[in-house]
Peer 1: 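Structure incoming, see below.
It should be emphasised that the depicted structure is a prediction, and the values quoted were computed from it without experimental measurement. Start at 1 and go down the list; that is how both ligands and their atoms are numbered.
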Amino acid sequence: MQVREQVPLSELTTLRVGGPARRLVTAATVEEVVEVVGGADAAGEPLLIIAGGSNLLIGDQGFDGTVLQLALGGIAIGDSGNGVRVVAGAAEPWDGVVARCVAEGLAGVECLSGIPGSTGATPIQNVGAYGQDVSETIALVSAYDRRTGSRVELEPSQCGFGYRSSAFKGSDRYVVLRVSFALERSPLARGIRYAELARALGVQPGDRPPLGATREAVLELRRSKGMVIDPADPDSVSAGSFFVNPILPCEAFSSLQQRAVQRLGEGTQVPVWPDADGSVKTSAAWLIERAGFHRGFGDGRAGISSKHTLAIVNRGGASAADLVALAREMRAGVQAAFGVDLHPEPTLVGVEL
Ligand SMILES: Cc1cc2nc3c(=O)[nH]c(=O)nc-3n(C[C@H](O)[C@H](O)[C@H](O)COP(=O)(O)OP(=O)(O)OC[C@H]3O[C@@H](n4cnc5c(N)ncnc54)[C@H](O)[C@@H]3O)c2cc1C
């Protein structure tokens, strides 16, 4: 176990903001994790889990407590009944797991190529992109339950997966130790659902192109949007999408559509996708752009990515307060223009919108 005092969290987040952690502990075994978490809980000390730091916005005052990094790695691949099980330690970099699955001819996570961060964080917000999310393949989540002080194995039905959400998000009850995925042994990707990806691959939606080509097409699309962490791309100094796409009841969507026509003229059509349970999902990026916040917006240290409307970028030397001020401005602008509340995707620590 490694313990360091007063570590700047800006060094551990992709947004490069966050004041110091009182103590940063790196735990290399499950026993160490249990010792650190159990110890902090018994002492009533605040605890924050940090992994790749790619979905965290931490305030400038830092975190007055224990910040825990899990160094639990390892990937195991084995046959199981009618499919293949891939089990990865929480700290295993997610894109490495995807690359390995694609190389081994295992289908089910190829559209999630290029997403930064750790495997242990993927269940937290049910990581998703280009028509896939991890809830489709997660078979089991091994975790430490801070409420009972015991290790648990959670079935997907216990994980409460939804769009960019789960029972883990917004709750600090579980520390994810390991995630198990059920994949299909096939050289072909799962049927492509996302129109932009189908076009990039030159296939029809529903077709099954080769796994490797699918991964490459996803990586290329992501790079063109600054959505792959790249030291040479200043637009990738972000937490990915800063706002989730709003999910609205049908009546609220009708008022939004009316408001959009009043504001933008006859023939305006707000993007809409049917969601489960009769509600609909619309596009946060569309609303932000039509409210006047274009790519490259902002002339300060915090701005909107020049490649993607949803990404708030630290252009160099921004504070968490700068990023929050911009996010508030965008949220207020969308509320004033369309009456829709935007919700942040990253976990906010010590800051509020
Ligand atoms: C350029 C870029 C592109 C992105 N694109 C996407 C995308 O396409 N789709 C998408 O869904 N996300 C995307 N993201 C967001 C982010 O990459 C994912 O949410 C990722 O899963 C976060 O992993 P992490 O290891 O960095 O987690 P962190 O940022 O370290 O942590 C995120 C949250 O999870 C908690 N957490 C982390 N590990 C554990 C654990 N083992 N147990 C319990 N809690 C834990 C943390 O406490 C925190 O609340 C993107 C981010 C960036 C910077």
Peer 1: Kindly assign one of parallel, tilted or perpendicular to the pair F168 and Y174, based on the angle between their ring planes and the thresholds 30° and 60°.
Peer 2: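 Ring orientation, 0 to 90° scale: perpendicular.
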Peer 1: Has the side chain of R4 got a donor or acceptor atom that lies under 3.5 Å from a matching backbone atom of L24?
Peer 2: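 Judged by distance alone, no pair lies under 3.5 Å.
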Peer 1: Under 4.0 Å from ligand 1, counting heavy atoms only, is it the side chain of Q125, its backbone, both or neither?
Peer 2: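 The answer is the side chain of Q125.
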Peer 1: Please say whether N55 places an N or O atom under 3.5 Å from an N or O atom belonging to ligand 1.
Peer 2: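 N/O-N/O distance under 3.5 Å: yes.
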Peer 1: I need the contact type for I49 against ligand 1. Using non-hydrogen atoms and a strict under-4.0 Å cut-off, is it side chain, backbone, both or neither?
Peer 2: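 Contact part for I49 vs ligand 1: both backbone and side chain.
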Peer 1: Does G226 reach ligand 1 with a nitrogen or oxygen that is under 3.5 Å from one of the ligand's nitrogen or oxygen atoms?
Peer 2: no
Peer 1: On a heavy-atom basis, I'd like to know which of A311, A121, S238, A143 is closest to atom 27 (O) of ligand 1.
Peer 2: A121
Peer 1: Report the part of I115 in contact with ligand 1, treating N, CA, C, O as backbone and CB onward as side chain, heavy atoms under 4.0 Å; options are side chain, backbone, both, neither.
Peer 2: side chain
Peer 1: Counting only heavy atoms closer than 4.0 Å, does ligand 1 sit against the backbone of T347, its side chain, both, or neither?
Peer 2: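 Side chain only.
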Peer 1: Answer with side chain, backbone, both or neither: which part of Y174 has a heavy atom less than 4.0 angstrom from an atom of ligand 1?
Peer 2: backbone
Peer 1: Enumerate, atom names and distances included, each donor-acceptor pair closer than 3.5 Å involving a side-chain atom of residues 248-255, sequence neighbours excluded.
Peer 2:
residue	atom	partner	partner atom	Å
S254	OG	C250	O	3.2
S255	OG	E251	O	3.1

Peer 1: Indicate yes or no: does D145 engage R173 in a salt bridge with an N to O separation below 4.0 Å.
Peer 2: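 Answer for the salt bridge query: yes.
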Peer 1: Where's the contact between A129 and ligand 1, heavy-atom distance under 4.0 Å: side chain, backbone, both or neither?
Peer 2: side chain
Peer 1: Geometry only, no angles: is A51 polar-contacting ligand 1 at N/O separations under 3.5 Å?
Peer 2: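 Among all N and O atoms of A51, at least one is under 3.5 Å from an N or O of ligand 1.
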Peer 1: If you take the centroid of each ring, where Trp contributes its six-membered ring, are Y194 and W273 closer together than 6.0 Å?
Peer 2: no
Peer 1: Can R164 be said to touch ligand 1, with heavy atoms closer than 4.0 Å?
Peer 2: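 A heavy atom of R164 does come that close to ligand 1.
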Peer 1: Heavy atoms only: which of V176, V37, L72 is nearest to atom 42 (N) of ligand 1?
Peer 2: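 Considering heavy atoms of V176, V37, L72, the nearest to atom 42 (N) of ligand 1 sits in V176.
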Peer 1: Any idea which part of I124 is under 4.0 Å from ligand 1, heavy-atom wise: side chain, backbone, both or neither?
Peer 2: side chain
Peer 1: Taking distance alone, with no angle check, do G53 and ligand 1 share an N/O pair under 3.5 Å?
Peer 2: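 Between G53 and ligand 1, an N or O pair is found under 3.5 Å apart.
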Peer 1: Return yes if some donor-acceptor pair links the side-chain N/O of E104 with the main-chain N/O of R100 below 3.5 Å, else return no.
Peer 2: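 Looks like no, no N/O pair under 3.5 Å.
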Peer 1: V237 vs R16, test: side-chain contact (heavy atoms from CB on, under 4.5 Å). Steps then yes/no.
Peer 2: CA-CA 7 Å; V237 185; R16 299 186 194 155; 3.8 Å; yes
Peer 1: I'd like the name of whichever of C111, G117, G240 reaches closest to atom 50 (C) of ligand 1 through any heavy atom.
Peer 2: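 Looking at heavy atoms only, the winner is G240.
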Peer 1: Is D133 reaching over with its side chain to a backbone N or O of S135, donor-acceptor style, under 3.5 angstrom?
Peer 2: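 Yes.
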Peer 1: So T309 and E289, side chain to side chain donor-acceptor pair (under 3.5 Å) or not? Walk me through it.
Peer 2: CA-CA 7 Å; T309 322; E289 274 162 23; 2.3 Å; yes
Peer 1: Dump the intermediate steps for side-chain contact (heavy atoms from CB on, under 4.5 Å) on V228 and S236, then the final yes or no.
Peer 2: CA-CA 6 Å; V228 173; S236 71; over 6 Å; no
Peer 1: Between T122 and ligand 1, does any nitrogen or oxygen pair lie at a separation below 3.5 Å?
Peer 2: no
Peer 1: Where does S241 meet ligand 1, judged by heavy-atom distances below 4.0 Å: at the side chain, the backbone, both, or neither?
Peer 2: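 For S241, there is no contact with ligand 1 at all, from either part.
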